[in-house]
Amino acid sequence: MAHRARSVLAIRPFRRLWGVTYLCSVADWLSLLALTGLVSQATQDYKTQSFAFAGVVLTQLLPGLLFAPLGGLFADRFDRRKVMVFADVGRFGLLLSIAIVGSPLWLFVGNFLVGFCALLWIPSKDAAVPNLLRRPDQVETANQLGMVMTYGIAVISAGGLYAAITGINTNFSLQRAATESGASEAGATRLVLFIIAALYLASAVTIATRIPELSRRVASAPKAADSDKPDTSGGFGAMLRDAATFVRTSPLVRGLLIGMIGAFVAAGALVGSSQVYATSVLGGQASFGLLFVALFIGLATGMGGAPKLARKLPRNRLFGIAIVTAGIDLLLVALSPHLVVSLITCAILGMCAGAAFLTGVTIIGTEVDDAIRGRINAIYQSLMKIIFAGGMALTPVLVGLVAPHSITLFDRSMVIDGTRPVLLGAGLLATVMGVLAYRQMDDRRSETILSDLRAAISRKPRRRATGLLIAVEGNTHIDTSTQATLLADWLRANSGTDVLLAADPALDDVRLRSVLTEAGLNSARAHALVAAAVRADLVEREIQPALARGAVVVMERFVDSPLAHLSVAAGLDPSELEGLADWATERLRPDITVLLDRDPATLPPRAGNAEHHWHVQSVLTDMAAADPDRYVVVDGDGSAADVHDRVLIAVRTTMAGRKLAQFAQAETH
């Protein structure tokens with residue numbers, strides 16, 4: 001995780017956006033605390049004070065309930081950077097006016113408008129994130145970093161800052177002055193509002209002046225399934241109809257939304273009944289806090305572990321399985337006879353919810369076209385708010401329909417109240433919706449779901465065949481060809497198994513040039529397409545059959561080096577090239593990728609443009625940093641024999657670490 005996080009944070013535009021996310025998230029959490037405090041201070045009525053928190057939360061959620069698709073429409077139609085700046089400036093002015101006016105009525109009106117600005121800001125930010133990254137595989141890490149910032153670092157910062165400012169009365173013994181004037185406490189809260197406004201203004205200035213890349217649009221590569229290309233040329237009505245058509249015709253997105261309905265119904269029921277449920281397990285008020293701690297620990301664990309599971313289990317299957325597991329676990333929460341059981345099941349529920357939420361956001365960022373991504377993000381976020389808020393509001397009504405009574409189970413008293421049937425119903429609904437989502441999103445691959453689950457639970461990576469694929473990647477053909485040949489020769493002599501040496505088809509001048517010349521193709525895109533076609537032929541004819549019979553395949557420049565060279569030399573979009581390579585190779589990836597890290601300054605003059613090689617080496621290094629479990633980086637400087645020795649040590653060590661004993665036990669020459 002640390003390697004992937006550093007790789008993503010090394011991208012300057014994303015790093016700046018991450019900082020902006022911190023400013024706005026701190027402001028969001030502070031505004032929730034400050035506005036709740038201001039409402040409580042404005043009245044002495046106990047009932048009114050008890051509804052202060054709910055009133056502030058609901059008025060900020062209300063725009064999302066009334067104008068759900070609007071933020072997505074703006075994100076897809078207009079410059080996303082300008083939309084975010086407009087929203088931040090709006091929030092700055094509104095929070096400033098609330099602090100100055102001080103009227104409870106304007107507080108709620110202003111808070112509603114602040115929620116409307118957030119409705120515009122969030123889809124634009126979420127839709128822009130994938131365009132700031134270098135590769136699609138970085139989207140998941142970027143989402144993790146965003147969630148850690150929003151629900152972790154920002155919450156702690158906001159809570160600490162609010163406590164420090166509003167606690168001045170106590171800390172400096174000013175309680176008497178506060179009682180006599182009646183204004184000291186309100187003054188501290190208004191100071192917080194001024195700080196919040198300043199944070200939003202700082203965000204607007206940073207976005208406007210330091211992150212121009214947020215305006216970037218990426219033209220998506222053509223896909224066979226996307227016969228109806230998302231269109232932004234019409235009005236808002238046409239764009240809304242286009243989004244509805246896309247959801248209706250895309251099983252992946254349709255399944256995603258179906259699954260999230262079940263997930264948020266379950267979440268709303270659990271949160272809405274948590275206070276009464278805590279009493280039913282006879283744990284007292286302390287159990288209420290413990291249940292929330294367990295849930296959030298599970299959420300953090302699920303978000304942290306989802307990327308590891310995604311390497312062994314396809315995301316479309318992982319999402320559905322996580323929802324189904326969460327529903328089944330909620331049934332166990334409903335049937336729990338003891339607080340300890342409730343804490344364990346709540347933690348597991350949080351893990352499933354965290355994995356599902358992160359996987360869903362990643363699917364939108366990687367699988368949905370840029371032209372429609374804002375609208376899908378808006379629908380996703382709006383469903384979350386509508387279903388969650390509806391579940392919270394409806395749950396107390398349903399709970400109140402069942403009178404509590406006590407029973408004795410295994411010599412232990414247990415309270416049965418309305419929370420139990422409500423949670424049972426929510427768990428059953430989540431399970432059914434998860435199954436429907438899985439059936440919609442499953443790509444019907446040849447691997448059964450049981451084999452995927454076994455691979456996810458075990459520590460061994462799931463493999464398509466019994467063989468072993470080793471790729472040798474590097475900056476120049478001379479280096480990769482030499483080391484791939486030496487490695488293949490060594491394996492033939494020492495491993496006692498079948499070894500196939502495969503070369504990069506893009507470097508097969510006879511085949512490649514003949515196709516390009518005969519067809520009269522000269523452009524860089526044509527070169528990439530023909531190279532992909534030759535690579536697909538090699539994978540299907542030679543590599544896959546060799547792996548199926550248990551052979552070791554040493555492949556020179558499998559995918560990464562050609563991607564790096566084409567993206568640098570021709571200025572082609574790396575995400576398009578990676579999608580093309582995935583299609584050509586059927587998403588086949590090496591078990592071990594050896595990256596020759598050679599200083600471009602040591603290359604001979606005939607190797608070509610030195611600046612080009614510097615850029616290529618940088619791209620390859622970033623790829624390795626983003627996926628350290630698959631890459632072994634070897635110093636490529638020195639003689640061929642010296643580099644070969646380093647390659648052997650790296651490969652044998654990696655094989656031993658992965659318990660590939662039949663290959664790792666060979667003796668070195």
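Being a predicted model, the structure only gives us computed values, none of them experimental. These numbers come from the heavy atoms of this one structure, side chains and all, not from hydrogens, waters or symmetry mates.
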Atom pair [atom1]/[atom2] of [X] and [Y] - distance to nearest 0.5 Å:
X    : Y    : atom1 : atom2 : value
R80  : D126 : CZ    : CG    : 10.0 Å
I363 : E140 : CD1   : CD    : 9.5 Å
F357 : M260 : CZ    : CE    : 6.5 Å
M441 : L436 : CE    : CG    : 12.5 Å
L339 : I344 : CG    : CD1   : 10.0 Å
L330 : T431 : CG    : OG1   : 8.0 Å

Query raised in the report: Would T59 and N111 count as a side chain to side chain donor-acceptor pair (under 3.5 Å) if you check the C-alpha gap in whole Å, the side-chain angles of each, and the deciding distance to 0.1 Å?
Result: CA-CA 6 Å; T59 51; N111 191 41; 2.7 Å; yes
Considering non-hydrogen atoms only, spot the tightest contact between [X] and [Y] and give its length.
X    : Y    : result
C346 : V333 : N-CG2, 4.2 Å
I323 : G434 : CG2-CA, 3.4 Å
G374 : D76  : N-OD1, 2.9 Å
A154 : S25  : CB-CB, 3.4 Å
L318 : T359 : CD2-OG1, 3.6 Å
W18  : G146 : NE1-N, 3.9 Å

Is a donor on one side and an acceptor on the other found under 3.5 Å between the side chain of [X] and the backbone of [Y]?
X    : Y    : answer
S336 : L332 : no
N143 : L358 : no
R375 : G72  : no
D329 : L349 : yes
N131 : R217 : no
W29  : T150 : yes
R373 : A127 : yes
Q144 : M303 : yes
S203 : L199 : no

Requested in this report: Give the C-alpha distance, both sets of side-chain angles, the deciding distance and a yes or no for side-chain contact (heavy atoms from CB on, under 4.5 Å) between L95 and Y200.
Outcome: CA-CA 9 Å; L95 267 299; Y200 284 131; 4.1 Å; yes
Query raised in the report: Would one find more than 12 heavy atoms of other residues, nucleotides or ligands at under 6.0 Å from atom OH of Y162?
Result: yes
For the residue pair [X] and [Y], establish whether any side-chain heavy-atom pair is separated by less than 4.5 Å.
X    : Y    : value
V56  : L38  : no
I376 : V253 : yes
L9   : F14  : yes
F86  : C117 : no

Requested in this report: Check the pair W106 / L94 against side-chain contact (heavy atoms from CB on, under 4.5 Å), numbers first and verdict last.
Outcome: CA-CA 10 Å; W106 176 244; L94 289 167; 4.2 Å; yes
Requested in this report: Could you list all the salt bridge (Lys or Arg N to Asp or Glu O under 4.0 Å) pairs where at least one residue sits in residues 24-40, not counting sequence neighbours?
Outcome: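 Counting only pairs at least two positions apart or across chains, the salt bridge (Lys or Arg N to Asp or Glu O under 4.0 Å) contacts touching residues 24-40 are D28-R91.
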Query raised in the report: What's the verdict on side-chain contact (heavy atoms from CB on, under 4.5 Å) for S31 and V114, showing C-alpha distance, side-chain angles and the deciding distance?
Result: CA-CA 10 Å; S31 66; V114 167; 5.6 Å; no
Requested in this report: Decide whether S342 and Y277 meet the rule of one side-chain donor and one side-chain acceptor closer than 3.5 Å.
Outcome: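 Indeed, the side chains of S342 and Y277 share at least one donor-acceptor pair under 3.5 Å.
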Requested in this report: Carefully, step by step, assess L70 and F116 under the rule side-chain contact (heavy atoms from CB on, under 4.5 Å).
Outcome: CA-CA 9 Å; L70 195 58; F116 184 82; 3.5 Å; yes
